2 protein chains.
Amino acid sequence: MKELILVKLGGSIITDKSKPFTVRHDVLENLGREIHDSRREKDMMLIVGHGGGSFPHTSANEYQVQRGIINERSWEGFAKVQNDAAKLNRIVVDTLLRVGELPVSIQPSSSCIARNSRIVSWYTDPITKLLDNGMLPVPYGDVALDTEQGCCIVSTEEILGYLAKELNGSRIIMVGKVDGVLDQEGKLIQKITPENFEEIKSCLNPSDAVDVTGGMMLKVERMLELAKFGVDSIIINGLKPGYLKRVLVGEDVQGTTITI
Amino acid sequence: MKELILVKLGGSIITDKSKPFTVRHDVLENLGREIHDSRREKDMMLIVGHGGGSFPHTSANEYQVQRGIINERSWEGFAKVQNDAAKLNRIVVDTLLRVGELPVSIQPSSSCIARNSRIVSWYTDPITKLLDNGMLPVPYGDVALDTEQGCCIVSTEEILGYLAKELNGSRIIMVGKVDGVLDQEGKLIQKITPENFEEIKSCLNPSDAVDVTGGMMLKVERMLELAKFGVDSIIINGLKPGYLKRVLVGEDVQGTTITI
């Protein structure tokens, strides 16, 4: 059985969060090339998910879709956020095709159901068959129907976490624009475990917690949950050339590892 | 229980088949407005599917994806056709949003599995929940994983037929750029039933049979199958103003009805 690795391309690295609907094409293409190069060097199964960045975040904030169906405009928000998120997915898939990969878009909103923003069922047969055939499934942070709230946003971490557990993934690589989790002096925290998490929590920048998918603290908590199931995560800086490729082929790079 | 109606916007009417990736924006927007107007007049559940027209047909023909995994380039074709089909879906969803509808894209390739180009399983929970909440699911002709051929194309007829059976649809409206099925003298055939189908078959233009989803004859055969399950179909001319709206609200218009 080949190793299954799951990669998240953060919305904040592949888009310009300060301007709606702007892609950082150079960054996206470089990361795409590193993914493609690593796949030519090492035989592995790979899922590449991505965040929405400046695409759905404007409409998600306007309609507060992450809070569920809260007023008569919420379903309109659901439709708009789904559309905005899917637009970036097309650009990511286009880019991955251009660098020689075989990306296949996976739309979470049409294939999973959530409860309180956590995925509770997902028809993953298409993804399994794609992986078996060497294809690159590309899911993305999306809206979803939610049995409690009516609707929700499923974050890329939630998506990759669910798939990692369901499909026996070995590790998750989170690609952002910072070196990893930093302490209050800006120093990189190399390893987060259940033992040191409570102490580290107080160091995490609280301003991170305001985005619609919950910020860094929630991300690390999700990854610690996964670590208990044997899925380690690493947060790396995707702006540093070669980092993503090196992690993918199994080399050590600087970053924050989340493990037990 | 509200009536569930399924509409197909033909790829040949919403795109310009002679030029790759060209949308007939005026036609698409008019049809969108008729759908929206009808929904304000009549309380019903609606699914609006669409064909791919000039978007995926170039890549589908190049790679012959409808024949399955036939050579070492087939999976590349799968990825490209999926991307091309999804691009038109974005434009259709954008247009439906603009006219005031609440469209939600449904990507068949990430939610169903086929066998010999027929859908054999589909996770339809998201669609059911969307319909229950007055939303407008928008699936489209797409690639799919296929348990026999490896991959296939699932046509919009196949998609709407499967959903009509699964979700108890009452009728299917096929919107094209001709008045319906024409006989050899170009006269409209008003009704096709299992009784007159064999005779009519000889009148159908065989050149229709060459497109990647099988042409008019296959479409009518699929609709006759559905009629046996109580789902009638009508083929209408979407270029005639008001026709789609009139059919949706239950009025009679000129077209070909397929029934038992």
Side-chain angles (χ1 to χ4, degrees), chain A residues 59 69 73-98 100-114 120-130 132-139 142-147 150-151, chain B residues 59 69 73-98 100-114 120-130 132-139 142-147 150-151:
Chain A
S59 46
I69 300 301
R73 296 181 68 226
S74 295
W75 283 114
E76 180 185 317
F78 183 93
K80 287 187 178 171
V81 175
Q82 196 218 29
N83 191 31
D84 290 343
K87 282 177 183 172
L88 179 59
N89 183 246
R90 292 268 60 75
I91 296 168
V92 173
V93 166
D94 259 340
T95 306
L96 289 166
L97 270 171
R98 201 165 51 238
E101 262 311 313
L102 297 173
V104 178
S105 168
I106 295 292
Q107 185 179 52
S109 47
S110 63
S111 48
C112 79
I113 296 283
V120 288
S121 60
W122 193 338
Y123 184 61
T124 54
D125 284 14
I127 299 176
T128 309
K129 284 187 201 303
L130 290 169
D132 286 346
N133 286 289
M135 305 294 279
L136 186 73
V138 185
D142 195 3
V143 293
L145 281 314
D146 189 299
T147 57
C151 76
Chain B
S59 46
I69 300 302
R73 294 181 70 227
S74 295
W75 283 114
E76 181 184 316
F78 183 92
K80 287 187 177 171
V81 175
Q82 195 219 29
N83 191 30
D84 291 344
K87 282 178 184 171
L88 179 58
N89 184 246
R90 291 269 58 75
I91 296 168
V92 173
V93 167
D94 259 341
T95 306
L96 289 167
L97 270 172
R98 202 164 50 238
E101 263 310 314
L102 297 174
V104 177
S105 167
I106 295 291
Q107 184 179 53
S109 49
S110 63
S111 48
C112 80
I113 296 282
V120 288
S121 60
W122 192 338
Y123 183 60
T124 54
D125 285 12
I127 299 176
T128 309
K129 286 187 200 300
L130 290 169
D132 286 345
N133 287 288
M135 305 294 280
L136 186 74
V138 185
D142 196 4
V143 293
L145 282 313
D146 190 299
T147 57
C151 76

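Here the structure is a predicted model, which means the values were calculated and not measured. Here is the naming used below: chain letters follow the sequence lines, and residue numbers restart at 1 for every chain.
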Distance check, rounded to the nearest 0.5 Å: A:K87 atom NZ versus A:I91 atom CD1? 9.5 Å
Which atoms of A:T124 are under 4.5 Å from chain B, going by heavy atoms: the side chain, the backbone, both sets, or neither? neither
So, taking the atom named OH in B:Y123 and the one named CH2 in A:W122, what distance separates them when rounded to the nearest 0.5 Å? 11.0 Å
Do the side chains of A:V92 and A:P103 get nearer than 4.5 Å, heavy atoms only? no
Measuring heavy-atom distances to chain A, does B:L145 have an atom under 4.5 Å in its side chain, in its backbone, in both, or in neither? side chain
Taking all non-hydrogen atoms of both residues, which atom of B:W75 and which atom of B:G150 are closest, and how far apart? CH2-O, 3.8 Å
Tell me yes or no: between the side chains of A:Q107 and B:S110, is some donor less than 3.5 Å from an acceptor? no
Largest heavy-atom contact set with chain B, pairs under 4.5 Å, which of A:K129, A:E101, A:E76, A:M135: A:M135
Tell me, out of B:T147, B:L130, B:N133, B:I127, who's got the most heavy-atom pairs with chain A below 4.5 Å. B:N133
At their closest point, which heavy atom of B:I69 faces which heavy atom of B:C151, and how far apart are they? CD1-SG, 3.6 Å
Drop me the distance from A:L88's CG to A:D94's CG, to the nearest 0.5 angstrom. 11.0 Å
Note: vs chain A, highest number of non-hydrogen pairs under 4.5 angstrom among B:S111, B:A79, B:S105, B:G134 is B:S105
I need the residue from B:N83, B:V93, B:L96, B:D125 with the largest number of non-hydrogen atom pairs under 4.5 Å to chain A. B:N83
Please classify the contact of A:I106 with chain B as side chain, backbone, both or neither, using a heavy-atom distance under 4.5 Å. both
Engaged part of A:L97 at the chain B interface, taking heavy atoms whose separation is under 4.5 Å: side chain
Region of A:N89 that comes under 4.5 Å of a non-hydrogen atom in chain B: neither
Among A:S121, A:P108, A:S109, A:P139, residue most engaged with chain B (heavy-atom pairs, under 4.5 Å): A:S121
